[in-house]
Amino acid sequence: MTLLTPRFALLALALLTACAQTPPAPPREAPATKPEPAPTPVTEVAPAPPETVNFTPFPGNILMCDGACSTRVGRDYYTWNVKLSFDIDRQGRLGVAEPQEPALTVDDDPAEDGRCTAKGSPGNQRNTWFPDTAIFVRGGKLISVRAGKQKPLKLATLSGEKGGALRVRGKVARATEWVYQPCVGAHRVSTGVRLDGFLPREAVLAVKPEKGALLRLSLPSPTEPYVLLRYHSGAMIPVPMRPVIVTVDLVERRLVAYFQTTYADQPPLRKVELRAVLPGQTPAEGETEARFRERSEAVLGDLRRCPAPTGPIEACATPEREPDRRIFSH
């Protein structure tokens with residue numbers, strides 16, 4: 001069975017960036033509070049959508065999956081997508097690109113979802129959840145994907161679908177396969193692969209350009225975008241993002257990684273922040289170097305303990321879990 005992109009609402013996103021600076025440290029963790037009993041209201045008022053702030057230099061968008069879209073999950077949820085663009089040098093080293101490939105916005109026409117644009121594939125960016133990482137290469141060929149010294153990861157070939165989309169077919173296909181628009185920036189490619197799961201953090205992509213030597217590409221370490229959920233109860237919960245699509249343009253010498261995370265709309269959220277742990281960051285204002293290192297390591301360790309999701313809504317996206325307190329406390 002093919003799972004088509006579900007219906008959702010695309011929400012506006014505040015693009016506040018911190019660029020070269022580390023996002024401000026989260027305040028001390030506040031204990032969950034029990035609200036005082038309130039009189040029975042005459043009418044019920046739905047809570048307003050949470051405030052959203054982007055503390056990274058990367059563009060993204062937020063989707064709301066509700067109604068028929070959320071039937072399979074049983075709960076309404078939000079999806080935050082973010083795109084990280086990197087330039088590829090002659091040795092295959094990646095550096096943060098300027099400008100970044102733009103992300104889908106509320107002004108983009110859904111009628112264009114099947115096209116490849118300067119924003120990549122609008123259709124891919126309207127999908128509220130992907131279970132794996134898909135990889136597309138322009139101007140060359142993907143040879144292998146390795147995680148450390150392990151054997152190469154299994155790659156399932158994406159085949160042609162009506163209208164130019166791709167999905168896995170044949171004996172290796174699962175009962176449910178996702179459909180992808182094979183866009184590398186504004187360029188459509190004819191082939192692609194998907195992994196059986198998400199691209200590991202330490203993964204190395206071996207790619208062979210049409211002309212030139214083999215390149216081994218890996219994201220700078222650490223490259224860890226995440227969201228910080230702030231609940232009305234006072235709980236503050238870091239939630240990892242997963243790489244769901246990677247595009248490699250060996251003509252333009254650019255790699256773009258789409259990251260995605262999902263979290264339920266209940267219990268009510270007050271604020272959601274997009275943050276990242278990245279190479280070259282420096283302490284926040286008033287923070288010592290030692291405290292900055294401790295906080296960064298605590299964030300990375302906490303996020304990496306979260307199990308990979310098997311469906312929408314990250315397991316760690318709950319106010320009941322206890323994150324590493326070193327993230328918040330001095």
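Any value given below was found using the heavy atoms of this structure, including those in side chains, with hydrogens, waters and symmetry copies removed.
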| remark: To the nearest 0.5 Å, atom OG1 of T157 lies from atom CZ of R167 at 13.5 Å

| task | Determine the minimum heavy-atom distance between T128 and C65, stating which atoms define it. | result | CG2-CB, 4.1 Å

| message | Are V137 and K141 packed together at the side-chain level, in the sense that at least one heavy-atom pair is separated by less than 4.5 angstrom? | response | no

| task | Measure the CG-CD1 distance between L228 and I327 for me, rounded to the nearest 0.5 Å. | result | 8.5 Å

| remark: Applying side chain to side chain contact (heavy atoms under 4.5 Å, CB included) to P307 and not counting sequence neighbours gives A315, C316

| task | Can you sort out the partners of D76 under salt bridge (charged side-chain N to carboxylate O under 4.0 Å, His left out), two or more places apart, ordered by chain and number? | result | none

| note | Rounded to the nearest 0.5 Å, the CG atom of D324 sits from the CG atom of L303 at a distance of 10.0 Å

| Close side-chain approach of P59 to P102, heavy-atom, < 4.5 Å | no

| query | Less than 4.0 Å between a side-chain N and a carboxylate O, is that true for R174 and D196? | reply | yes

| query | Is there a donor-acceptor contact under 3.5 Å from the side chain of R93 to the main chain of I88? | reply | no

| message | A cation-pi test, strictly: NZ or CZ of R275 under 6.0 Å from the centre of the six-membered ring of F55 and no more than 45 degrees from its axis. Yes or no? | response | yes

| Pairwise side-chain contact, F328 with P323, heavy-atom cut-off 4.5 Å (strictly under) | yes

| said: Taking side-chain contact (heavy atoms from CB on, under 4.5 Å) as the criterion, tell me which of V256, L205, L142, L219 meets it with V246. | reply: L205

| query | If you look at every heavy atom in S221 and P279, which pair is closest and at what distance? | reply | O-CG, 3.7 Å

| said: Surrounding CD of E285 (heavy atoms of other residues, nucleotides or ligands, distance under 6.0 Å), is the total greater than 12? | reply: no

| request: For the pair D108 (side chain) and T105 (backbone), establish whether a donor and an acceptor sit closer than 3.5 Å, ignoring hydrogens and angles. | output: yes

| K154: partners by salt bridge (charged side-chain N to carboxylate O under 4.0 Å, His left out), with sequence neighbours left out | none

| message | For residues 260-282, which residue pairs pass the ring-ring contact (aromatic ring centres under 6.0 Å, His included) check, not counting sequence neighbours? | response | Y78-Y263

| request: Answer whether the closest heavy-atom distance between the side chains of I135 and R194 falls below 4.5 Å. | output: no

| Any donor-acceptor N/O pair, T288 side chain to R291 backbone, under 3.5 Å | yes

| query | Is the shortest heavy-atom distance from the side chain of V244 to the side chain of F259 under 4.5 Å? | reply | no

| Any donor and acceptor pair, going by atom type alone, linking the side chain of S296 with main-chain N or O of R293 inside 3.5 Å? | no

| Spacing of CD belonging to E101 relative to CG belonging to L255, to within rounding of 0.5 Å | 10.5 Å

| remark: Closest non-hydrogen atoms of P238 and M236, given as atom of the first, atom of the second and distance, are CD-O, 3.9 Å

| request: Using modelled atom types only, decide if a donor and an acceptor are shared between the side chain of T262 and the backbone of I313 within a distance under 3.5 Å. | output: yes

| field | Pairwise side-chain contact, R126 with P110, heavy-atom cut-off 4.5 Å (strictly under) | value | yes

| side chain to side chain contact (heavy atoms under 4.5 Å, CB included) partners for T117, two or more places apart | R115, K119, P122

| said: Under the rule for salt bridge (charged side-chain N to carboxylate O under 4.0 Å, His left out), what residues qualify as partners of R201, not counting sequence neighbours? | reply: E224

| task | State which residues pass side chain to side chain donor-acceptor pair (under 3.5 Å) with Q150; sequence neighbours excluded, sorted by chain then number. | result | none

| message | For the backbone of S85 and the side chain of Q100, can you confirm whether one donor and one acceptor N or O come within less than 3.5 Å of each other? | response | yes

| query | Regarding Q125 and N81, is there a side-chain donor-to-acceptor distance under 3.5 Å anywhere? | reply | no

| task | Can you establish whether the number of heavy atoms outside R75 located under 6.0 Å from its atom CZ is more than 12? | result | no

| task | Any chance you could measure T79, atom OG1, to Y77, atom OH, to the nearest 0.5 Å? | result | 5.0 Å

| message | Are Y258 and F130, when compared by the centres of their aromatic rings, separated by less than 6.0 Å? | response | no

| With a 4.5 Å heavy-atom cut-off, do R230 and E51 have their side chains touching? | no

| task | Please name all residues satisfying side chain to side chain contact (heavy atoms under 4.5 Å, CB included) with E202, sequence neighbours left out, ordered by chain then number. | result | A147, P200

| request: Would you give the length of the straight line joining atom NZ of K211 to atom CG of L250, rounded to the nearest 0.5 angstrom? | output: 13.5 Å

| request: Kindly write out the residues that satisfy side chain to side chain donor-acceptor pair (under 3.5 Å) with R242, not counting sequence neighbours, or none if the list is empty. | output: E314

| request: Give a yes or no on whether the backbone of P240 and the side-chain of T261 come within a donor-acceptor separation of less than 3.5 Å. | output: yes

| Take atom CZ in R216; do more than 12 heavy atoms of anything else shown fall under 6.0 Å from it? | no

| task | Output the rest of the hydrophobic cluster of L214: all Ile, Leu, Val, Met, Phe, Trp and Tyr residues reachable through side-chain heavy-atom contacts under 4.5 Å, sorted by chain and number. | result | I143

| task | Using salt bridge (charged side-chain N to carboxylate O under 4.0 Å, His left out) as the criterion, list what pairs up with R169, not counting sequence neighbours. | result | E161

| Is there a donor-acceptor pair closer than 3.5 Å between any side-chain N or O of Q281 and the backbone N or O of A276? | yes

| request: Determine whether D87 and R254 make a side-chain contact, defined as any pair of heavy atoms from C-beta on separated by less than 4.5 Å. | output: yes

| Under 3.5 Å, side chain of T52 to main-chain N/O of V272, donor-acceptor pair present? | no

| field | W80 side-chain N/O to E273 backbone N/O, donor-acceptor pair under 3.5 Å | value | no

| request: Write down the atom of Y180, the atom of A134, and the distance for their closest heavy-atom approach. | output: CE2-CB, 3.5 Å

| message | List the residues meeting side chain to side chain contact (heavy atoms under 4.5 Å, CB included) with V251, not counting sequence neighbours, and say none if there are none. | response | R138, D249

| query | Looking at K208 and A213, what are the two nearest heavy atoms and their distance? | reply | CD-C, 4.3 Å

